[in-house]
**Student:** 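Here it is, the structure in full.
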Amino acid sequence: MAELTMIEAINEAMRQEMERNSRVIVLGEDVGENGGVFRATDGLLEQFGPDRVFDTPLAESGIIGTSIGLAINGMRPIAEIQFLGFVYQAMDQLAAQAARIRFRSGGRFSCPIVVRSPYGGGVRTPELHSDALEALFTHSPGLKVVMPSNPYDAKGLLISAIRDDDPVLFLEPMKLYRAFRMEVPEEPYTIPLGQARVVKEGEDLTIITWGATVPLVTKLADEMRTKGIDAEVIDLRCLQPLDIDAILASVEKTGRVMIVHEAVKTSGFGAEVAALISERALFALSAPIVRVAGYDTPYPVPSVEDDWLPNPARIAEGIETLLRY
Amino acid sequence: MFDPNELSIEMVQILDENGGGDEAKIAAFSDDWLLNAYKAMRRARVIDERLLRMQRQGRIGTYAPFSGQEAAQVGSALALRNDDWIFPSYREVAVCLLQGMPLEQFFHYVQGRLSGKRMPDGVNIFPTQIIIAAQTLHAVGCAWASKLKGEPHVSVAYFGDGATSEGDFHEAMNFAAVYNVPVIFFCQNNQYAISVPYAKQTASRTIAQKALAYGMKGVLVDGNDVLAVYETMKQAVDAARRGEGPMLIEALTYRLGPHTTADDPTKYRRPEEVEAWRRKDPLHRVRVLLARRGLWTEAQEEAFVAEVNAEVTAAYEAAIASPSGSIADVFDYVYSEAPKLLAEQKAEVMRRKQAKGVK
Ligand SMILES: Cc1ncc(C[n+]2csc(CCOP(=O)(O)OP(=O)(O)O)c2C)c(N)n1
């Protein structure tokens, strides 16, 4: 088995799906000649040619809007939005158009597109290159939202997303693109959309997280072991569909919940998770739910982003609070 | 039927790449004007090259160099009043410097400091726009306000060839023409949007001709000819100020360096192409002209470059020696007054900072 980085796993997933199905095409800004600004689509133009891989004009609404038409007429587009902060330019096409094709056509048409986009902080980018905007899309019924946290999951989830008959937003934590390698099977495989992964089992508290913050939380949970605190870590992997059963099972076991995400706190997806837990497992809780998230401001400049993001100090404080009860 | 192939658009040029050209027009430019324009371009080039090197040394963050585009930027900015409104993208450093941005301020910006966000009061430059083409609409609105208030200012939207593919650009062009506002759309067609060449960006032979469909005047100018850019921009700005409405200017130029310091241009363009454009360097031709008029010697060049280098060093050192702003600022400039929950978040951050003994 090869040891791959996340970006290599993503590249391999697209390559294999393009080999398997000639209707799968790739389009976006700089995805051809340049192989993508992060090299996610490296080599695809060479292998599949200019009728499968398109360097589009610089227009996000155009990329998503034409992908919808392509998909309705039988193609399987994988569209890249170069950084998630630029998706606002395509908000109508994604949230109001792609999301509703099935609904509006009474089930006659579906919109099997995948929109891949890097997101997340800690990499000292210019403005609007780091924002975690997943909650905009979990609030748009009809879209699926997938957020992998490691190379193995990225490959299996992306293949599922490409084969899925609904529009899928596939958000890639750019800090993790080359952060570590992991064994990834060479053959194509799928991971069902909507299954969380228990990263680490524990008894004392549950930490629910996804995407960019999973490695940070896992590392802290490991360190807490030495202090006698036994945390369970759940990587949601998909926000829509959501694995509510995995969440409830863990909450019922530990009774203490922390939710960690990079996106701003107010109306972040953590709020949805907390609401679901209070609706369905309130009496299993022995402490109020704690959220550690980005603050309610636009994503700040590089010199202060580490203070803004969920970081070890903030998470440790949250755990202290939880264990006080 | 209308056939775009029948449209013929000539490029305005005064000074050609060898320092010759339309001699009658060249003669109309004074020695002082030429020296001033040359120095502004040379200063810009030295600053750009220094910033590129400083990025490589890890002293500043991601940087988008503009070498090769000095004539387009300097020529257009020299045609403006310093209280006109500028709506720049990330590449208009030379424009911003001429319109009043202190060099030290730019260091705060490229170092990713909080102090890098705010232009000094009275400098009418909008924050660097990252979202391609978004500023074109703001420029139109700003010009619209000038018109409604009866003020004499012109607004200028700066953007690249790639930006003309975004919907915002087309909406901006349309609004500008419908309301006949004093705005200039200044496109630096440097022929690439990161890796995507002009031919993949648009099937239109020129960007200038896109003006026609909106009922607006458009012009194509040699963007490496500072004289032609100045003259073209001056005509556009004067007309806009007289109430004659907007104009689209396409300045044909070339980005000699990478898109940003995170980019490797050898992936998508051939060295011969870059070489061919180096021969059309916007500084070289003015240098030849200055020599012809006996205005500029090698010794003056060396002294000037040394002076700018010292200026860059001083600005950099002043920037790193001054406070970079507090994390508090992140919370202070979200609303005019922070809502209760946001104020609590600020207090939390300040408490944690104090506990760590950091400001
Ligand atoms: C809305 C949006 N999409 C994509 C990007 C990423 N991006 C940054 S610069 C750039 C190319 C811009 O090309 P052009 O408009 O020609 O200007 P240039 O960089 O050549 O000056 C792209 C695609 C962005 N910043 N904003």
Side-chain angles (χ1 to χ4, degrees), chain A residues 28-39 42 45 50 54-63 65 82-83 85-90 92-93 123-130 264-266 292-308 311 313-314 316-318, chain B residues 61-62 64 90 109-117 127-134 160-169 193-197 200-202 259-260 262-265 267-269 324-327 329-331 333-334 338-339 341-342 345-346 348-349 352-353 355-356 358:
Chain A
E29 295 157 10
D30 304 286
V31 299
E33 210 84 26
N34 204 33
V37 293
F38 288 102
R39 305 286 177 255
D42 210 18
L45 176 65
F54 300 90
D55 275 324
T56 65
L58 205 178
E60 290 72 19
S61 181
I63 293 167
Q82 201 163 75
F83 289 86
F86 312 155
V87 81
Y88 288 113
Q89 288 282 21
D92 173 64
Q93 290 298 341
V123 270
R124 311 287 180 255
T125 62
E127 199 185 353
L128 277 155
H129 285 63
S130 295
V264 299
K265 184 175 183 183
T266 294
V292 178
Y295 294 110
D296 290 339
T297 78
Y299 195 91
V301 292
S303 62
V304 294
E305 66 179 323
D306 295 341
D307 290 324
W308 188 92
N311 55 37
R314 294 180 61 196
E317 255 181 47
Chain B
T62 310
Y90 41 82
Y109 176 75
V110 286
Q111 289 181 330
R113 291 150 155 251
L114 290 158
S115 48
K117 287 170 160 325
T128 299
Q129 183 56 255
I130 296 295
I131 295 304
I132 302 298
D161 40 306
T164 66
S165 294
E166 289 279 10
D168 281 0
F169 165 74
I194 311 188
S195 71
V196 179
K200 284 190 184 176
Q201 198 63 248
T202 173
H259 167 70
T260 66
D263 173 50
D264 172 14
K267 281 277 281 185
Y268 55 81
R269 58 185 199 187
S324 75
S326 152
I327 179 84
D329 296 0
V330 171
F331 299 90
Y333 301 121
V334 185
L341 292 177
L342 186 60
Q345 293 181 358
K346 175 180 170 184
E348 175 197 318
V349 172
R352 196 172 299 114
K353 280 262 147 201
K356 270 207 299 184
V358 189

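Lettering follows sequence order; numbering is per chain, from 1.
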**Student:** Taking only residues two or more places apart in sequence or in another chain, which ones pass side-chain contact (heavy atoms from CB on, under 4.5 Å) with B/E348?
**Tutor:** A/Y295, A/R314, B/R351, B/R352
**Student:** Side chain, backbone, both or neither: which part of B/V334 has a non-hydrogen atom closer than 4.5 Å to chain A?
**Tutor:** side chain
**Student:** Is B/T202 close to chain A through its backbone or its side chain, or both, or neither, when contacts mean heavy atoms under 4.5 Å?
**Tutor:**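 Contact with chain A: none, neither part.
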**Student:** Using a cut-off of under 4.5 Å on heavy-atom pairs, state which of A/L128, A/T266, A/D55, A/V37 scores highest against chain B.
**Tutor:** A/D55
**Student:** Check each atom of B/I194 against the heavy atoms of chain A and say whether the ones under 4.5 Å are side chain, backbone, both or neither.
**Tutor:** both
**Student:** Side chains of B/T62 and B/T260: do they bring a donor and an acceptor to under 3.5 Å?
**Tutor:**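 Absent: no donor and acceptor within the cut-off.
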**Student:** Does B/K346 pair with B/D329 as a salt bridge, N-O distance under 4.0 Å?
**Tutor:** no
**Student:** What's the shortest heavy-atom distance between A/E29 and A/P57, and which atoms?
**Tutor:**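 For A/E29 and A/P57, the tightest heavy-atom pair comes out as CG-O, 4.1 Å.
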**Student:** Closer than 4.0 angstrom, basic N to acidic O: yes or no for A/E33 and B/K267?
**Tutor:**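 Judged by the 4.0 Å cut-off on N to carboxylate O distance, A/E33 and B/K267 do not form a salt bridge.
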**Student:** Checking the side chain of A/R124 only, and the main-chain atoms of A/V301 only, is there a donor and an acceptor separated by less than 3.5 Å?
**Tutor:** no
**Student:** Against chain A, work out which of B/D168, B/D263, B/V110, B/L341 has the most heavy-atom pairs shorter than 4.5 Å and name it.
**Tutor:** B/D168
**Student:** What part of B/A262 is in contact with chain A, defined as an atom under 4.5 angstrom from a non-hydrogen atom: side chain, backbone, both or neither?
**Tutor:**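 Neither part.
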**Student:** With a 4.5 angstrom heavy-atom cut-off, is it the side chain or the backbone of A/Q89 that approaches chain B, or both, or neither?
**Tutor:**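 Interface part for A/Q89: side chain.
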**Student:** Looking at A/H129, A/K265, A/R39, A/E305, which makes the most heavy-atom pairs under 4.5 Å with chain B?
**Tutor:**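 The candidate making the most pairs under 4.5 Å is A/R39.
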**Student:** In terms of heavy-atom proximity below 4.5 Å to chain B, should A/N311 be classed as side chain, backbone, both, or neither?
**Tutor:** neither
**Student:** Pick one of side chain, backbone, both or neither for A/T297, based on which atoms fall under 4.5 Å of a heavy atom in chain B.
**Tutor:**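 The answer is both parts of A/T297.
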**Student:** What residues, two or more places apart in sequence or in another chain, satisfy side chain to side chain donor-acceptor pair (under 3.5 Å) together with A/T56?
**Tutor:** none
**Student:** At a 4.5 Å cut-off on heavy atoms, which part of B/D161 comes close to chain A: side chain, backbone, both, or neither?
**Tutor:**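 Contact with chain A involves no heavy atom of B/D161 at all.
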**Student:** Which atom names give the shortest non-hydrogen contact between B/S165 and A/A59, and what distance separates them?
**Tutor:**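 The answer is O-CB, 3.4 Å.
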